[in-house]
Amino acid sequence: MKEFFATSARQWALTVICALLATPLAMLLTATSSALAPASAAGPPVASPPVDGRLLKGFDPPAQPWGSGHRGVDLAAEVGDPVRTVTAGVVTVAGPVAGTGVVVVQMADGRRTTHQPVTARVEVGQAVAAGQIIATVAAGNHCSRSCLHWGLIHGRDYQDPMSLLSGGGGGPVRLYPADHRPRLLPAIPAAGDIGLPMAIGAGQPGTLSRPVDGPVSSLFGMRRHPVTGVWKLHDGVDLASPCGTPIRAAATGRVVFSGYQPAWGHRVVVDHGVLSGVRVRTTYNHLSGPGAATGSVVLRGQPVGRVGSTGYSTGCHLHLGMERDGRLVDPLRHLS
């Protein structure tokens, strides 16, 4: 009898211990499963389309370039609805083309997105960021009902713009059901307020990204030129940096000059469009060799050239200049 009770006591104790250990283990597994479930269900991030309506007609290019077909997609939209650019870039067309309002945004890789029929809210040369309002839907007879025709072009080749919504990876694209109602959108800002989100308040500190990390070796202002000995305005700021260091665009824009000038050596001038009512340009001088080509679009942080010592220079550095409405200003006050 004593052996029976001893055996039963041991079994009972073992059962209690197992139960106590199983409870926290089950809680841990439940918490882990709960934490992993949202991540697996969320999927890859998908960009928002230019308007919030459903797809009316998909991309159906012709077999031959001259044939008939649908070279873009039609998205349901009402006249006056805001149109947003899906990608960052620079506006190359903003106005009527063959009687239809069109806005074209060129990306850094050379591709262009087209939006029609629209009333432009931006101007040619303006840098825009992904998600920024660039136009409003205008009346047109392209669709049986009011719509936005959205296109994507690379050179002369038409591509499916819906591929931009999944990051160009050809994955699933989020479409809206037929009974979807557009969400409320913020009011369209005045024309002078449209610009890069990071550049709102242009003319204030922090507007531009620093092109190189080197220290300041010469400030903006009057000085005696180290090469010519002439007392004159030093119309930029010198940032000391080793030759060959990549120089990155201070903001998104279009290259309007890329070449060699005796004093500046190899230089690149980038037009950033109108930021808060002021046209802004930055110049990158004394490059080691030719920089980004004239006409190319560069995004904030994209290389435009490399540090050198060409032209009237005494050593490797970047001479960074800045113009506001054509007037030279101290770029150091506008660097983040």
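- In terms of modelled atom types and a separation under 3.5 Å, the side chain of R300 and the main chain of A250 share a donor-acceptor contact.
- Listed for the H115 side chain is no donor-acceptor partner under 3.5 Å among the backbone atoms of L148.
- A side chain to side chain contact (heavy atoms under 4.5 Å, CB included) with V83 holds for exactly one of T136, V51, I133; it is V51.
- With rounding to the nearest 0.5 angstrom, the CG atom of L332 is 11.0 Å from the CG atom of D238.
- I134 and V73 fall within the same hydrophobic cluster, defined by Ile, Leu, Val, Met, Phe, Trp and Tyr side-chain heavy atoms under 4.5 Å apart, directly or through other members.
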side-chain contact (heavy atoms from CB on, under 4.5 Å) assessment of V269 paired with W264: CA-CA 11 Å; V269 180; W264 300 118; over 6 Å; no
Verdict with reasoning, V278 to R327, per side-chain contact (heavy atoms from CB on, under 4.5 Å): CA-CA 11 Å; V278 180; R327 183 172 62 89; over 6 Å; no
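- Here the shortest heavy-atom pairing between V307 and V212 reads CG2-CG1, 4.0 Å.
- Within the model, atoms OH of Y158 and CG of D60 stand 14.0 Å from one another, a figure rounded to the nearest 0.5 Å.
- Under the salt bridge (charged side-chain N to carboxylate O under 4.0 Å, His left out) criterion, no residue pair touches residues 92-103, with sequence neighbours excluded.
- One hydrophobic cluster, built from ILVMFWY side chains closer than 4.5 Å, holds both L335 and V304.
- Checked by atom type and distance alone, the side chain of T310 never pairs as donor or acceptor with a backbone atom of G265 at under 3.5 Å.
- The minimum heavy-atom distance between S258 and V268, with the atom names listed, is OG-CG2, 3.9 Å.
- Residue V93 is not grouped with residue I153 when hydrophobic side chains (ILVMFWY) are merged at heavy-atom distances under 4.5 angstrom, including chains of intermediate members.
- In the hydrophobic cluster analysis, where Ile, Leu, Val, Met, Phe, Trp and Tyr join through side-chain heavy atoms closer than 4.5 angstrom, V86 is grouped together with L55.
- Checked by atom type and distance alone, the side chain of S309 pairs as donor or acceptor with a backbone atom of G315 at under 3.5 Å.
- Between G89 and T252, the closest heavy-atom pair is O-CG2, 3.7 Å.
- The side-chain heavy atoms of L165 and P49, taken from C-beta on, include a pair separated by under 4.5 Å.
- Listed by first and then second residue, the side-chain hydrogen bond (donor to acceptor under 3.5 Å, both in side chains) pairs involving residues 98-109 are Q106-R254, D109-R111 (not counting sequence neighbours).
- In this structure, the side chain of H286 does not engage the main chain of L318 through any donor-acceptor pair within 3.5 Å.
- For S146 (side chain) and A77 (main-chain N/O), a donor-acceptor pair under 3.5 Å exists by modelled atom type.
- A 4.5 Å side-chain heavy-atom check between H334 and V280 finds every atom pair outside the cut-off.
- From H317, atom NE2 reaches atom SG of C243 across 10.0 Å, with rounding to the nearest 0.5 Å.
- Screening E323, H272, E123, Q126 for a side chain to side chain donor-acceptor pair (under 3.5 Å) involving R279 leaves a single residue, E123.
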Verdict with supporting geometry, M107 and T113, side-chain contact (heavy atoms from CB on, under 4.5 Å): CA-CA 8 Å; M107 293 178 275; T113 55; 4.3 Å; yes
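- Note that OG of S218 is 4.0 Å distant from NE2 of H234, once rounded to the nearest 0.5 Å.
- V122 and V90 fall into different hydrophobic clusters, where Ile, Leu, Val, Met, Phe, Trp and Tyr residues are linked whenever their side-chain heavy atoms come under 4.5 Å apart, directly or through other members.
- With a 4.5 Å cut-off on side-chain heavy atoms, V97 and Q116 do not count as touching.
- Looking at heavy atoms from C-beta onward, L239 lies in side-chain contact with V216 at the 4.5 angstrom threshold.
- For the atom pair D81 CG and C147 SG, the distance stands at 11.5 Å (nearest 0.5 Å).
- Nearest heavy atoms, T294 versus V256: CG2-O, 3.8 Å.
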Report the C-alpha distance between V270 and Y284 in whole Å, list the side-chain angles of each, state the deciding distance to 0.1 Å, and finish with yes or no for side-chain contact (heavy atoms from CB on, under 4.5 Å). CA-CA 8 Å; V270 179; Y284 309 82; 3.8 Å; yes
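- Of all heavy-atom pairs spanning L320 and P331, the tightest one is O-CG, 3.3 Å.
- In terms of heavy atoms, H319 sits closest to N285 at O-ND2, 2.8 Å.
- Rounded to the nearest 0.5 angstrom, F59 CZ and D74 CG are separated by 12.5 Å.
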